[in-house]
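In what follows, chains carry the letters A, B, and so on, assigned in the order in which the sequence lines appear, proteins first and then strands, with residues in each chain numbered from 1. All figures in this text were calculated on a predicted structure; none of them were measured in a lab.
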There are 2 protein chains.
Amino acid sequence: MRMSNGVEWALHSCVTLSQTQEPVPAARLAELHGTPPAYTAKHLQALSRAGIVHSTAGQIGGYTLTRPASEISALEVVRAIDGDEPAYRCAEIRQRGPLGIPAEQCARPCAIARAMAAAQDAWSLALAHISVADLAAAIDADSDGTAMADVRRWLTTARE
Amino acid sequence: MRMSNGVEWALHSCVTLSQTQEPVPAARLAELHGTPPAYTAKHLQALSRAGIVHSTAGQIGGYTLTRPASEISALEVVRAIDGDEPAYRCAEIRQRGPLGIPAEQCARPCAIARAMAAAQDAWSLALAHISVADLAAAIDADSDGTAMADVRRWLTTARE
DNA sequence: ACAACTCGGACATCGCATGTCCGTGATGAG
DNA sequence: CTCATCACGGACATGCGATGTCCGAGTTGT
């Protein structure tokens, strides 16, 4: 079980975008994070499709958050990048083999699938309770309150 | 984020093995579940390495559980097949780019990594509380108490 | 002692994630 | 109003890991 690597970049990008009101181009975010520009842009497009960020074209274009950072959960970002299908996909083994159960008796998911789904729900719930604003605040606290200020400064100075 | 498909087969195999004391060959389990024999054997080897099942060679060989099914958690089985490394692997983005933080200030994991780890812990905890015996009982209940009896009968008659 | 049956690890193959590119459209300047 | 510049958006290669398969080593019963 492995999560897409782009989830990390997307979360960092959202945290960065939460520090400004002006559009930030994908190339700028890639430079700040030290990630491949084209690939970073690809993930931002996924965020755009999911309605988490808004894209502005043109010379002063870029990406902005569509909502306050406190109203964007980490779960939304993860789902936008990694897809919303569950990690465990039941292949309906119970219907196969010499003791296969007819499909009409399989209205409910298999007990194993139910257990895995419950685990996934617990995982989702944990992420749903964390917002982008929470992450930004935690990162700021880790750096004694300088990290986000540095980001804001860098975003403005780089634009000059 | 996608879990290995073999997890399902391994869990079903453990449930089946919980219904008998005698060794069951990998080929027999594959036949019962309608899965590729060689690949099924591969996953059983992983369970063997993890100490969940015990293998017996020779003519009447096969696999048996090493412990009572009530003492084997679904989490153990999942980890044995899918690996025990976390789904989210932090690439330490905070150390990169123009605002990179020196490594000596990164003793604690990044706030984002901590959030993802907490979600993974919730997921693990949910699976740790479910035993193979629980799964067998739930599957039996779904079929009005006939499924496990059918499995036991099939295991003995097929051996004749 | 033999033969049959078992597990165990080493070897191909496929799909998806990763990474990259150019076309399209919009914006600001002249 | 026209044009040049810039940014997004989707379509195109590539690499690695999961999937799937095979044969050899070891053990047991005959």
Side-chain angles (χ1 to χ4, degrees), chain A residues 1-10 13 17 22-31 33-66 78 80-83 85 87-89 91 93 158-159, chain B residues 1-10 13 17 22-31 33-66 78-83 85 87-89 91 93 158-160:
Chain A
M1 187 174 58
R2 179 176 165 186
M3 184 175 303
S4 168
N5 206 349
V7 170
E8 183 175 7
W9 308 348
S13 294
L17 288 177
E22 299 176 19
V24 181
R28 207 61 55 90
L29 288 170
E31 180 189 359
H33 297 146
T35 53
Y39 200 29
T40 305
K42 184 186 183 74
H43 290 309
L44 287 168
Q45 290 167 25
L47 292 181
S48 177
R49 270 191 295 261
I52 295 172
V53 300
H54 174 68
S55 64
T56 309
Q59 278 185 325
I60 61 163
Y63 290 97
T64 55
L65 295 181
T66 58
V78 171
I81 302 298
D82 208 61
E85 64 184 42
Y88 181 87
R89 292 141 300 124
I93 277 184
R159 178 166 288 275
Chain B
M1 188 173 59
R2 180 177 163 184
M3 182 175 303
S4 168
N5 205 347
V7 169
E8 182 175 6
W9 309 349
S13 294
L17 288 176
E22 300 176 19
V24 181
R28 206 62 54 90
L29 287 170
E31 180 189 0
H33 297 145
T35 54
Y39 200 29
T40 305
K42 184 187 184 72
H43 290 307
L44 286 168
Q45 289 166 27
L47 293 180
S48 177
R49 270 190 296 259
I52 295 172
V53 301
H54 173 70
S55 64
T56 309
Q59 278 186 324
I60 61 163
Y63 290 98
T64 55
L65 296 180
T66 58
V78 171
R79 285 221 176 125
I81 302 298
D82 208 61
E85 66 185 41
Y88 181 87
R89 291 141 301 123
I93 277 184
R159 179 166 286 277
E160 296 298 327

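No contact: B:G6 has no heavy atom under 4.0 Å from any strand. A:A26 comes within 4.0 angstrom of the backbone, heavy atoms only, and of no base.
D:dG9 atom P lies 15 Å from atom NE2 of A:H43, rounded to whole Å. One can place CD of B:Q45 at 16 Å from P of D:dA25, the figure rounded to the nearest angstrom. As a whole-Å value, the separation of B:E22 CD from D:dT28 P is 16 Å. If you take OH of A:Y39 and P of D:dG15, they are 15 Å apart, rounded to a whole angstrom. Spacing between atom CD of B:Q59 and atom P of D:dT27 amounts to 15 Å, rounded to whole angstrom units. Here D:dG20 presents its C1' atom at 8 Å from CH2 of B:W9, a figure rounded to the nearest Å. Distance, A:L47 CG to D:dC8 P: 12 Å, rounded to whole Å.
For the pair A:S55 (side chain) and A:Y63 (backbone), a donor-acceptor distance under 3.5 Å is absent. Using a distance-only test at 3.5 Å, with no hydrogens or angles considered, a donor-acceptor pair links the side chain of B:T40 to the main chain of B:P36.
When the side-chain nitrogen and oxygen atoms of A:Y63 are compared with OP1 and OP2 of D:dG9, one or more of them lie within a distance under 4.0 Å. One finds no side-chain N or O of A:R2 lying less than 4.0 angstrom from the OP1 or OP2 phosphate oxygen of D:dC16. At D:dC8, none of the side-chain N or O atoms of A:S48 fall inside 4.0 Å of OP1 or OP2 (strictly under the cut-off).
Looking at which nucleotide of DNA chain D each of B:G58 and A:R49 is closest to, the 5′-most match is held by A:R49. If B:A27 and B:K42 are placed on DNA chain C by their nearest nucleotide, the residue sitting closer to the 5' end is B:A27.
Shown here for A:M1 and A:A87, the closest heavy-atom pair between the two residues is SD-CB, 4.1 Å. A:G61 approaches A:P25 most closely through the heavy-atom pair O-CG, 3.7 Å. Among all heavy-atom pairs drawn from A:A80 and A:A50, the shortest one is CB-CB, 3.5 Å.
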Pairing string of DNA chain C (Watson-Crick or G-U wobble, both atom distances under 3.5 Å; | = paired to other strand) is ||||||||||||||||||||||||||||||
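Taking OG of A:S13 as the start and NE2 of A:H33 as the end, the distance is 5.0 Å to the nearest 0.5 Å. Atom-to-atom distance recorded for A:I52:CD1 and A:R49:CZ is 11.5 Å, nearest 0.5 angstrom.
Residues B:I81 and B:L47 form a side-chain contact, since some pair of their non-hydrogen atoms from C-beta on lies under 4.5 Å apart. Annotation: side chain of A:E8 is not in contact with side chain of A:M3 (no heavy-atom distance under 4.5 Å).
Listed nucleotides: D:dC8, D:dG29, D:dG20. Nearest to the side chain of A:S55: D:dC8.
Nucleotides of DNA chain C with any atom under 4.0 Å from a heavy atom of chain A span, from 5' to 3', C:dT18 to C:dG28.
Test A:L65, A:L17, A:T64 against A:H54 for side-chain contact (heavy atoms from CB on, under 4.5 Å) and you get one pass: A:T64.
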